[in-house]
Amino acid sequence: MQPRPSSAQSLPSAVVCPGTMRGRTRMRVSLAFVEHRVNVWLRFGRPARETILDRWRRVAIFEPDALCCRVKWIGNDYGTALWQLMVLQAPMPSDGAQRVAGVQPGARILLRADGVIQVKAVLAAIDAIEASGIDPCVVAVTYWRTVGNRLAARQPLPGYTAERHAAHLARGALR
């Protein structure tokens, strides 16, 4: 009978993959700009780090649980071919994530708006939130989900008031 190796020897060393840091998965959002063809930018979000790949592309890296809003516009010779807006939340390591093109390893999609009318409505809602002095990055996740559901149901978007934000902060303090 052979001696059993100690548990410290039998465990493989930790492997750190790109985009992770000590078991924490970071969300990487690809951004691009090519005049009259592609414009993918962040409407709001506080990336932990940004990497400029070349003149047209960069990558924004977000900590787990961080929020951002990515707007994608694609055009061709005839005009706008795609206009899309997503409010994304970086997944926690234990959470599942949805695959999103240009987002690694994925994200929780809180809100998705497609087309000029929906994107402009959400951009107006974000402008109203900022005008009230609230950072869109700290808005309640449930608000973004509600806006997404209202868009899908083609109903008017709810406003995000200071009272709603105070309730969100109070709920967070109780946790």
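FYI, the numbering just counts along the sequence from 1. Note: hydrogens, waters and symmetry copies are ignored here, and every other heavy atom, side chains too, is used.
For Leu151 against Gln118, the heavy-atom pair with the smallest separation is O-NE2, 3.7 Å. Contact between Pro91 and Gly106 at its shortest, heavy atoms only, is CD-O, 3.5 Å. Considering all non-hydrogen atoms of both residues, Asn76 and Tyr78 come closest at OD1-N, 2.8 Å. Of all non-hydrogen atoms in Ile109 and Val100, the two that sit nearest each other are CD1-CG2, 3.7 Å. Heavy-atom minimum distance, Val119 versus Ala113: CG2-O, 3.7 Å. In terms of heavy-atom proximity, Ile134 sits nearest to Ala162 at CD1-CA, 4.4 Å.
The side chain to side chain donor-acceptor pair (under 3.5 Å) test applied to Asp54 returns Arg57, not counting sequence neighbours.
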Using atom types as modelled, flag every donor-acceptor pair under 3.5 Å from a side chain in residues 138-149 to any protein atom, sequence neighbours excluded.
unit_1 : atom_1 : unit_2 : atom_2 : d
Tyr143 : OH     : Pro158 : O      : 2.7
Thr146 : OG1    : Thr142 : O      : 2.7
Asn149 : ND2    : Arg145 : O      : 3.3

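A continuous path of ILVMFWY side-chain contacts below 4.5 Å connects Ile129 to Leu123, so both sit in one hydrophobic cluster. Side-chain heavy atoms closer than 4.5 Å link hydrophobic residues (I, L, V, M, F, W, Y) into clusters, and following such links, even through other members, never connects Phe62 to Ile126. Note: the hydrophobic cluster containing Trp73 does not contain Leu42 (ILVMFWY, side chain heavy atoms under 4.5 Å, direct or indirect links). In this structure, Val71 is not a member of the same hydrophobic cluster as Val29, with clusters built from ILVMFWY side-chain heavy atoms closer than 4.5 Å. Hydrophobic clustering, with ILVMFWY side chains joined whenever heavy atoms are under 4.5 angstrom apart, groups Trp41 together with Val122.
For residues 77-101, every residue pair satisfying the salt bridge (charged side-chain N to carboxylate O under 4.0 Å, His left out) rule, not counting sequence neighbours, is listed here: Arg37-Asp77, Asp95-Arg108. Counting only residues at least two apart or on different chains, no salt bridge (charged side-chain N to carboxylate O under 4.0 Å, His left out) pair has a member in residues 151-168. Among pairs with a residue in residues 121-139, those fulfilling salt bridge (charged side-chain N to carboxylate O under 4.0 Å, His left out) read Arg43-Asp127, Arg43-Glu130, Arg46-Asp135, at least two apart in sequence or across chains.
Here the CD1-CD distance, from Ile61 to Glu63, works out to 9.5 Å after rounding to the nearest 0.5 Å. Atom CZ of Arg70 is separated from atom CZ of Arg112 by 9.5 Å, given to the nearest 0.5 angstrom. Taking SG of Cys137 as the start and CZ of Phe44 as the end, the distance is 6.0 Å to the nearest 0.5 Å. Rounded to the nearest 0.5 angstrom, Asp114 CG and Gln84 CD are separated by 5.0 Å. We find the CE-CG distance between Met92 and Asp65 to be 5.0 Å, quoted to the nearest 0.5 Å.
Within the 4.5 Å cutoff, the side chain of Met86 has no heavy atoms near those of the Val103 side chain. Inter-residue side-chain proximity for Leu67 and Gln89 is flagged as met; some heavy-atom pair is nearer than 4.5 Å.
Hydrophobic clustering, defined by side-chain heavy atoms of Ile, Leu, Val, Met, Phe, Trp and Tyr closer than 4.5 Å, groups Ile74 together with Leu82.
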Would you sort out whether Cys68 and Met27 count as a side-chain contact (heavy atoms from CB on, under 4.5 Å), showing the intermediate values?
CA-CA 10 Å; Cys68 74; Met27 180 176 75; 3.9 Å; yes

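Heavy-atom contacts from other residues, nucleotides or ligands closer than 6.0 Å to CD1 of Ile117 number 12 or fewer.
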